[in-house]
Amino acid sequence: MHHLFILLCLVVVVFKLTALLIRRMELIRNVEAFPGPPAHWLFGHVKEFKQDGTELDKVVTWGEQYPMAFPMWFGPFVSLLLIHHPDYAKTIQASTEPKDDFAYTFLAKWIGDGLIVSNGPKWFRHRRLLTPGFHYDVLKPYVKLKSDSAKTMLDKWESYAKNNETFELFKCVSLMTLDTLMRCAFSCNSNCQNEGGTNAYIKAVYELSHLINLRFRVFLYHSEIFFHLSPHGFRYRKALRVAHSYTEEVIRKRKEALKEEKELDRIKAKRNLDFLDILLCARDEKQQGLSDEDIRAEVDTFMFAGHDSTASGISFTLYCLACHPEHQQLCREEIIHALDGKDTVEWEDLSKLPYTTMCIKECLRLYPPVPGTGRKTTKPIRFFDGRTVPKGCIVGVSVFGIHRNAAVWENPHVFDPLRFLPENASNRSPHAFVPFSAGPRNCIGQNFAMNEIKVVIAMTLKRYQLIEDPTKKPKLLPRLVLRSLNGIHIKIKPVELQP
């Protein structure tokens with residue numbers, strides 16, 4: 001009996017090893033048309049990424065050696081084809097292929113089956129129902145809310161300006177974007193910037209964002225079992241309960257308040273619409289709305305995608321302008337002229353900032369808030385040069401790699417906002433600049449995000465001069481959202497306006 005058990009175990013082990021070997025050979029065949037950097041048989045390219053801020057530079061260097069796309073291996077059984085050229089990106093981004101089932105699964109328990117991770121008919125229906133929530137009529141009143149949140153942050157910066165001390169941007173900006181989202185999503189004044197993030201829901205959102213990024217970079221945590229049994233997994237589940245119970249309670253109370261008001265126009269006559277109003281009143285052609293579970297998923301998606309990525313975009317834009325004072329000053333002059341003595345930004349002012357907008361776009365090119373995206377093919381995909389990938393492949397689009405590709409951008413590491421003059425931009429592929437992705441699965445909230453970046457940059461430059469601290473350059477970390485290993489630091493001083 002004892003020998004039989006050992007024999008059975010050996011059979012199981014041999015079966016598993018054979019299955020893994022077949023899987024390995026299949027993955028190699030999938031990308032055999034694409035040469036790439038040599039990979040270790042066991043670790044793949046994992047040991048090349050030392051978590052020291054050089055990972056994205058390495059991707060750009062490899063892109064120079066292997067045009068269009070190259071395979072990357074994360075261990076022996078996980079590989080992806082990484083695209084770093086717009087002509088290849090177009091093929092993937094123009095499709096509705098689903099997001100990959102590797103990185104995005106880390107988000108699923110928090111944001112559910114929301115727009116980021118849903119696929120097929122469900123994604124199409126939700127996209128159609130949510131699109132009216134980002135119409136300019138809805139976005140217009142948000143500008144004042146964004147201005148108010150930005151003013152709160154800038155008031156708190158006065159001590160840094162007086163003391164001429166270097167300070168870290170991202171934490172301040174992240175609280176500010178959360179404050180804005182609470183106002184725009186729930187019509188809730190959380191006061192989180194003054195309370196330092198002590199609000200239970202705000203703390204939960206921070207904790208979940210941190211733990212998702214941690215899980216992304218710790219190889220063992222890619223396993224559901226390891227993560228579940230770890231102390232971080234326990235913290236994740238605790239934060240998840242807080243976040244979900246908060247959104248469920250807010251949804252329940254709002255549904256109760258809207259019992260008599262089923263039409264957006266009637267609500268709008270009484271007050272400004274928020275994101276929750278849009279979700280609760282959304283109806284398809286059969287007059288069917290979203291379920292409570294779907295509404296919670298989309299609210300949680302809005303909170304995750306809206307605060308972390310926008311905070312990254314704003315923080316790196318402020319840093320970038322600190323490093324280029326001549327462009328910062330041109331923006332400031334344009335902003336002062338556009339605001340004409342006002343201390344806040346209004347909707348009509350946003351269209352009066354063409355040079356500032358070009359500078360923002362150049363910052364987003366150099367430091368894209370989402371450095372890469374992933375899809376999983378549901379059918380064979382053929383690229384323009386005839387090479388193909390079969391069904392079941394993970395295909396990554398390196399937004400950072402495309403934005404720094406010397407075959408696409410002249411002097412790609414140089415800050416040059418004039419690249420975005422209409423006459424210059426018209427000669428480029430629309431897939432050469434994709435900070436919000438492109439195609440049918442592009443970022444539904446990109447206008448919301450761009451408006452917020454413009455508001456914050458305008459109000460900041462009107463009030464403060466941004467100064468680089470050359471001893472604290474950011475070390476870039478490629479996560480779901482672009483972060484810096486050592487933070488994002490600048491100095492500021494008050495702007496002395498000419499009489």
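What you see is a predicted model, and the numbers here were worked out from it, not measured in a lab.
Remark: Glu48 CD to Lys58 NZ distance equals 5.0 Å, nearest 0.5 Å. In this structure, NE2 on His135 lies 11.5 Å from NZ on Lys140, to the nearest 0.5 angstrom. Note that the CD1 atom of Ile314 and the OG1 atom of Thr460 stand 8.5 Å from one another [nearest 0.5 Å]. Here Met176 contributes atom CE and Lys151 contributes atom NZ; the two are 14.0 Å apart, rounded to the nearest 0.5 Å. A distance of 8.0 Å separates CG of Leu485 from CD of Glu55, quoted to the nearest 0.5 Å. To the nearest 0.5 Å, atom CD of residue Glu168 and atom OG of residue Ser484 are 7.5 Å apart.
At most 12 heavy atoms of other shown residues, nucleotides or ligands fall within 6.0 angstrom of atom CD1 in Ile225. No more than 12 heavy atoms of other residues, nucleotides or ligands shown are found within 6.0 angstrom of OH on Tyr136. For Phe77, the CZ atom counts as densely surrounded, since its 6.0 Å shell holds more than 12 non-hydrogen atoms of other residues, nucleotides or ligands. Counting heavy-atom neighbours within 6.0 Å of His228 NE2, excluding the residue itself, gives a total of 12 or less. Summarising the local packing, CD of Gln446 is surrounded by more than 12 heavy atoms from other residues, nucleotides or ligands at distances under 6.0 Å. Within 6.0 Å of CZ in Phe226 there are 12 or fewer heavy atoms belonging to other residues, nucleotides or ligands.
Between Lys99 and Arg441 the shortest side-chain heavy-atom distance falls below 4.5 Å. Between Val242 and Lys203 the shortest side-chain heavy-atom distance does not fall below 4.5 Å. Pro369 places none of its side-chain heavy atoms less than 4.5 Å from the side chain of Thr310. Counting only heavy atoms from C-beta outward, the side chains of Tyr142 and Trp347 never approach each other to under 4.5 Å. By the 4.5 Å heavy-atom criterion applied to side chains, Arg375 and Ser95 are counted as neighbours. Side-chain contact check for Leu364 versus Met450: some heavy-atom pair is nearer than 4.5 Å. Inter-residue side-chain proximity for Leu115 and Arg127 is flagged as met; some heavy-atom pair is nearer than 4.5 Å. Taking 4.5 Å as the limit, every side-chain heavy atom of Glu256 sits out of range of all side-chain heavy atoms of Lys253.
Although no hydrogens or angles enter the test, the distance criterion places a donor-acceptor pair under 3.5 Å between the side chain of Thr377 and the main chain of Cys393. Under a 3.5 Å cut-off, the side chain of Asn405 and the backbone N or O of Gly401 do not form any donor-acceptor pair. Using a distance-only test at 3.5 Å, with no hydrogens or angles considered, a donor-acceptor pair links the side chain of Ser147 to the main chain of Val345. For Thr388 (side chain) and Ile381 (main-chain N/O), no donor-acceptor pair under 3.5 Å exists by modelled atom type. Here the side chain of His403 pairs no donor or acceptor atom with the backbone of Leu366 at under 3.5 angstrom. The main-chain N or O of Leu482 is found under 3.5 Å from a side-chain atom of Ser312 such that the two form a donor-acceptor pair. Distance alone, capped at 3.5 Å, is enough to place a donor-acceptor pair between the Lys50 side chain and the Lys47 backbone. No donor-acceptor distance shorter than 3.5 angstrom exists from the side chain of His85 to the backbone of Met68, with no hydrogens or angles considered. In terms of modelled atom types and a separation under 3.5 Å, the side chain of Trp123 and the main chain of Asp113 share no donor-acceptor contact. Using a distance-only test at 3.5 Å, with no hydrogens or angles considered, a donor-acceptor pair links the side chain of Arg365 to the main chain of Pro412.
Ile402 and Pro86 get closest at one heavy-atom pair: CG2-CD, 4.1 Å. Scanning all heavy atoms of the two residues, the minimum distance from Trp41 to Pro76 falls at O-CB, 3.6 Å. The minimum heavy-atom distance between Ile83 and Ala89, with the atom names listed, is CG2-N, 3.5 Å. For the pair Ala311 and Ser315, the tightest heavy-atom approach, listed with the atom from each and the gap, is O-OG, 2.7 Å. When all heavy atoms of Ile457 and Leu318 are compared, the pair lying nearest together is CD1-CD2, 3.5 Å.
Taking the six-membered ring where the residue is Trp, the centroids of His222 and Phe106 are separated by under 6.0 Å. Between His84 and Phe70, the distance from one ring center to the other falls under 6.0 angstrom. In summary, the aromatic rings of Phe420 and Phe433 are positioned with their centroids under 6.0 Å apart.
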Salt bridge (Lys or Arg N to Asp or Glu O under 4.0 Å) between Arg387 and Asp385, worked out: CA-CA 6 Å; Arg387 292 189 289 182; Asp385 58 3; 3.2 Å; yes

Stepwise salt bridge (Lys or Arg N to Asp or Glu O under 4.0 Å) check, Arg128 with Glu285: CA-CA 11 Å; Arg128 193 154 38 87; Glu285 62 278 0; 3.0 Å; yes

side-chain contact (heavy atoms from CB on, under 4.5 Å) between Arg404 and Asp57, worked out: CA-CA 9 Å; Arg404 303 270 186 142; Asp57 291 334; 5.5 Å; no

Salt bridge (Lys or Arg N to Asp or Glu O under 4.0 Å) assessment of Arg23 paired with Glu26: CA-CA 5 Å; Arg23 173 64 178 156; Glu26 180 187 4; 3.7 Å; yes

Step-by-step side-chain contact (heavy atoms from CB on, under 4.5 Å) determination, Leu279 to Leu130: CA-CA 7 Å; Leu279 292 174; Leu130 267 62; 3.5 Å; yes

Pair Phe275-Phe448, side-chain contact (heavy atoms from CB on, under 4.5 Å): steps then yes or no: CA-CA 11 Å; Phe275 188 59; Phe448 179 96; over 6 Å; no

Trace of the side-chain contact (heavy atoms from CB on, under 4.5 Å) decision for Val455 with Leu350: CA-CA 8 Å; Val455 167; Leu350 298 178; 4.0 Å; yes

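Side-chain N/O atoms of Tyr206 and Ser174 include a donor and acceptor closer than 3.5 Å.
Within the structure, salt bridge (charged side-chain N to carboxylate O under 4.0 Å, His left out) contacts touching residues 298-309 (residues at least two apart or in different chains) are Arg296-Asp300, Asp308-Arg483. Note on residues 83-97: pairs passing salt bridge (charged side-chain N to carboxylate O under 4.0 Å, His left out), not counting sequence neighbours, are Glu97-Lys379. Every pair passing salt bridge (charged side-chain N to carboxylate O under 4.0 Å, His left out) that includes a residue from residues 226-239 is listed here, sequence neighbours excluded: Glu207-Arg235. Every pair passing salt bridge (charged side-chain N to carboxylate O under 4.0 Å, His left out) that includes a residue from residues 178-188 is listed here, sequence neighbours excluded: Asp179-Arg183.
A salt bridge links Asp277 to Arg254: one of the charged nitrogens lies within less than 4.0 Å of a carboxylate oxygen.
Qualifying salt bridge (Lys or Arg N to Asp or Glu O under 4.0 Å) partners for Glu32, counting only residues two or more places apart in sequence or in other chains: none. Among residues two or more places apart in sequence or in another chain, the salt bridge (Lys or Arg N to Asp or Glu O under 4.0 Å) test is passed with Lys376 by Asp101.
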